[in-house]
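Inspection log for the structure reproduced underneath, given as structure tokens.
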Amino acid sequence: MLEIKNVSISIDDRYLVENLSLILNKGDKLAIIGEEGNGKSTLLRAILGICEYAKVTGTINRKENRIGFLEQIMNRNQTVYEFLFSSENDYYEKIGSFYSYLEEFRLNDTILKQEINTLSGGEKVKIGLLKLLLNDYDMLCLDEPTNDLDIETLVYLEQFMKSTDKPIIYVSHDEVLLANTANMILHLEQRKKKKECCHTVMRIDYDTYVNMRLRKIEKQEQVSKSERREHHKKEEKLNRVMQKVEHRQNIISRSSPHEAKMLKRKMHSLKSQERKLNNEVITEMPDVEEHIHFFFEEVKIPKTKIILKLTIPELKIKDRILSSDIKLDIIGPEHICIYGKNGTGKTTLIKKIYEDLKNRKDIILGYMPQNYEDILSEYETVLDFLAPTKSKESITKARLYLGNMKFIKEEMTGDIKSLSGGTKAKLFLIKLVLEKCNVLLLDEPTRNVSPLSNPVIRDVLKEYTGTIISISHDRKYIEEVAEHLYLFTSEGLKKER
């Protein structure tokens with residue numbers, strides 16, 4: 001139903017995709033994976049024919065399929081009604097399906113009057129999905145469909161993707177969704193400091209692909225190390241023999257011309273062996289992107305220290321009451337996670353917690369908002385954000401951590417606005433480390449980070465010795481990082497573990 005043949009995509013002479021060919025058939029669920037900024041969203045837009053900012057060559061045969069697109073960022077100055085329906089007749093033709101899906105997504109029809117820009121992140125995704133379902137497209141392209149979705153809708157989306165025979169191409173950082181739905185993988189990579197692109201296409205499920213890839217990497221590392229050890233032994237042995245011959249050449253007398261001639265021949269032979277050894281091809285260590293590396297220095301929070309004692313009779317946005325009777329006490333180095341349905345006010349709650357904690361002198365607070373621009377809009381460059389004092393020491397340390405997070409030189413010195421969402425997420429994680437924060441306030445910390453880097457981030461946060469107050473719908477994060485889990489509803493917070 002879709003044929004891609006020898007497609008290459010480049011921006012400013014930098015290739016994101018080169019000579020990609022694949023065929024998508026009925027029932028295929030193609031997951032596009034890879035690190036941030038590798039061109040996943042750009043490829044989706046190229047497939048749809050709406051990629052104006054990149055050069056696209058090759059053939060993309062859509063075969064007259066009607067393709068629905070869920071974009072990653074949906075900012076529109078129109079009402080939900082105007083977005084979903086082209087006319088009043090269109091509304092009445094789809095009214096039955098509309099209310100059925102509305103119930104599945106746990107939305108009220110009053111949302112029709114709201115402007116899309118006023119909706120929560122999860123509500124925007126739901127409205128985008130609703131449009132796709134109402135229009136019964138032949139094929140779907142989904143760019144981060146799980147971003148900000150509540151767990152109930154995530155499960156519904158998984159079931160739909162598994163049961164439909166429509167071909168689906170999607171980008172996602174949700175490892176559970178990938179494991180449960182993908183039957184085909186396209187892995188986009190940028191190697192050699194993002195100067196060389198490559199891709200892998202396999203008709204295989206996600207978990208099998210990851211395990212196969214890890215085994216391949218481990219085997220290549222073992223072979224490379226073994227060959228390097230053997231090469232080093234050969235070098236040492238050859239050097240010892242050459243030194244002996246050279247020493248002998250230096251001490252023989254002119255009365256031994258025959259021996260001198262023999263030694264010269266021997267040295268000539270050894271030099272030939274040296275050239276062969278220098279030209280010996282050794283298996284390279286695997287050049288893979290997901291080997292990010294960062295860690296928090298040990299921070300101390302006394303077990304009896306009161307971090308938060310929150311009581312909110314009513315949580316409001318303007319005149320709208322989101323929740324009431326909210327109570328949350330956090331003592332010591334707890335790792336807590338809050339989850340709940342979309343639009344209930346979780347982000348509003350965490351912003352309220354931020355306002356309560358930001359001026360505290362007895363803690364070092366680190367904040368990662370859901371909308372990165374809430375904070376990043378105040379800074380022009382990456383180093384402005386990470387090393388505001390501009391001291392040589394702070395810049396050197398920032399560059400070290402940026403390198404560990406696989407930032408290339410151009411990204412380290414460039415403008416923040418040019419970074420992808422996942423790269424900005426890593427920028428916040430580096431900031432938390434550099435400032436040695438002992439209390440972390442995180443709103444969806446893993447939502448934009450690649451599924452290949454997320455396990456590293458979860459491991460680091462799991463071992464973090466300070467306090468974590470977070471919002472997340474990432475099922476792996478909830479399982480591995482959160483010690484205490486709270487459900488947020490219109491009636492406050494309910495502790496579930």
Side-chain angles (χ1 to χ4, degrees), residues 105-108 111 114 117-126 146-154 301 305-360 363 365-375 425 428 432 437-448 461 464 466-475 477-478 481-497:
F105 290 166
R106 295 166 179 81
L107 295 172
N108 191 291
I111 201 171
Q114 289 184 244
N117 281 339
T118 67
L119 302 178
S120 71
E123 287 173 329
K124 287 179 181 179
V125 178
K126 286 183 177 181
T146 60
N147 268 7
D148 308 316
L149 277 187
D150 54 44
I151 290 176
E152 293 91 337
T153 311
L154 269 173
I301 289 285
K305 184 174 182 61
I306 297 173
I307 304 298
L308 184 69
K309 202 167 184 62
L310 185 71
T311 300
I312 305 175
E314 288 184 338
L315 184 67
K316 293 182 177 182
I317 292 182
K318 296 181 180 178
D319 295 328
R320 180 186 167 203
I321 298 175
L322 299 170
S323 183
S324 56
D325 196 25
I326 299 169
K327 291 183 174 64
L328 181 61
D329 295 343
I330 299 174
I331 299 173
E334 298 182 22
H335 291 183
I336 80 143
C337 180
I338 299 167
Y339 82 105
K341 295 177 183 177
N342 295 129
T344 52
K346 298 182 298 299
T347 292
T348 304
L349 174 63
I350 209 162
K351 285 181 177 179
K352 178 69 172 65
I353 294 173
Y354 174 65
E355 291 300 319
D356 285 0
L357 295 181
K358 69 178 183 179
N359 294 320
R360 288 264 298 268
I363 60 173
L365 180 67
Y367 178 43
M368 183 178 184
Q370 185 183 101
N371 180 9
Y372 305 142
E373 303 313 313
D374 288 351
I375 290 177
F428 273 97
L432 302 178
C437 301
N438 56 14
V439 177
L440 306 183
L441 197 56
L442 312 174
D443 195 348
E444 297 284 2
T446 60
R447 64 194 281 264
N448 284 313
L461 292 177
Y464 176 68
T467 304
I468 299 177
I469 307 168
S470 58
I471 291 173
S472 183
H473 297 120
D474 181 336
R475 288 162 285 184
Y477 176 90
I478 290 172
V481 179
E483 298 167 344
H484 305 292
L485 185 63
Y486 290 83
L487 173 63
F488 186 58
T489 71
S490 60
E491 299 173 348
L493 287 164
K494 177 185 176 184
K495 189 171 184 179
E496 297 202 328
R497 71 164 185 247

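- More than 12 heavy-atom neighbours from other residues, nucleotides or ligands sit within 6.0 angstrom of CD on Glu483.
- In this structure, His473 contributes its side chain and Leu149 its backbone to a donor-acceptor pair below 3.5 Å.
- Asp148 has its side chain out of reach of Ser120: every pair of non-hydrogen atoms, C-beta onward, lies at least 4.5 Å apart.
- Considering only heavy atoms from C-beta on, Tyr367 comes within 4.5 Å of Lys351 through its side chain.
- Note that CG of Leu432 is 9.0 Å distant from CG of Leu365, once rounded to the nearest 0.5 Å.
- In this structure, CD in Glu152 is found 8.5 Å from CG in Asn342, a value given to the nearest 0.5 Å.
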Run the side chain to side chain contact (heavy atoms under 4.5 Å, CB included) test on Asn448 and Asn147 for me, step by step, so that the C-alpha distance in whole Å, both residues' side-chain angles and the decisive distance to 0.1 Å come before the verdict.
CA-CA 8 Å; Asn448 284 313; Asn147 268 7; 3.4 Å; yes
Take Glu334 and Leu308, measure what side chain to side chain contact (heavy atoms under 4.5 Å, CB included) needs, and give me the verdict at the end.
CA-CA 11 Å; Glu334 298 182 22; Leu308 184 69; over 6 Å; no
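- Using a 4.5 Å heavy-atom threshold, the side chains of Arg360 and Val439 count as separate.
- The two residues Gly345 and Phe488 have their closest heavy-atom pair at C-CE2, 3.6 Å.
- The salt bridge (Lys or Arg N to Asp or Glu O under 4.0 Å) test with Asp150 is passed by exactly one of Arg475, Lys346, Lys126: Lys126.
- If you take CD1 on Ile301 and OG1 on Thr467, they are separated by 4.5 Å, rounding to the nearest 0.5 Å.
- Rounding to the nearest 0.5 angstrom, the gap separating the CD1 atom in Ile317 from the CG atom in Leu322 is 4.5 Å.
- A salt bridge links Asp325 with Lys327: the distance from a Lys NZ or Arg NE/NH1/NH2 to an Asp or Glu carboxylate oxygen falls below 4.0 Å.
- A donor-acceptor distance shorter than 3.5 angstrom exists from the side chain of Ser470 to the backbone of Ile336, with no hydrogens or angles considered.
- Paired with Pro369 under the rule side chain to side chain contact (heavy atoms under 4.5 Å, CB included), one option of Asp374, Leu442, Leu441 passes, and it is Asp374.
- Within the 4.5 Å cutoff, side-chain heavy atoms of Leu349 are placed close to those of Ile312.
- Side chain of Ser323 to main chain of Thr489: a donor-acceptor pair is present (N/O by atom type, distance under 3.5 Å, no hydrogens or angles).
- Put simply, OG1 on Thr146 and CD1 on Ile151 are 11.5 Å apart, with the number rounded to the nearest 0.5 Å.
- Tested against Ile469, the residues Leu310, Asp443, Leu440, Ile330 include a single side chain to side chain contact (heavy atoms under 4.5 Å, CB included) partner, Ile330.
- Counting non-hydrogen atoms of other residues, nucleotides and ligands closer than 6.0 Å to NZ of Lys341 gives a total of 12 or fewer.
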Phe105/Ile111 under side chain to side chain contact (heavy atoms under 4.5 Å, CB included): CA gap, chis, key distance, verdict:
CA-CA 12 Å; Phe105 290 166; Ile111 201 171; over 6 Å; no
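- The CG atom of Leu107 sits 7.5 Å away from atom OG1 of Thr153, with the distance rounded to the nearest 0.5 Å.
- Shown here for Ala482 and Cys337, the closest heavy-atom pair between the two residues is CB-CB, 3.6 Å.
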Evaluation steps, side chain to side chain contact (heavy atoms under 4.5 Å, CB included), between Lys352 and Ile326
CA-CA 12 Å; Lys352 178 69 172 65; Ile326 299 169; over 6 Å; no
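- Residues Ile471 and Tyr339 have side chains not in contact (no heavy-atom distance under 4.5 Å, counting atoms from C-beta outward).
- A donor-acceptor pair under 3.5 Å links the side-chain atoms of His335 to the main chain of Gly466, judged by distance alone.
- Counted within 6.0 Å of NZ on Lys358, heavy atoms from surrounding residues, nucleotides or ligands total more than 12; the atom is thus considered enclosed.
- Nearest heavy-atom pair, Thr348 versus Leu315, reported as atom, atom and distance to 0.1 Å: CG2-CD1, 4.0 Å.
- In this structure a side-chain-to-backbone donor-acceptor pair under 3.5 Å is present from Tyr464 to Asn438.
- Note on Asp474 versus Arg447: no salt bridge recorded, every NZ/NE/NH1/NH2 to OD/OE distance being 4.0 Å or above.
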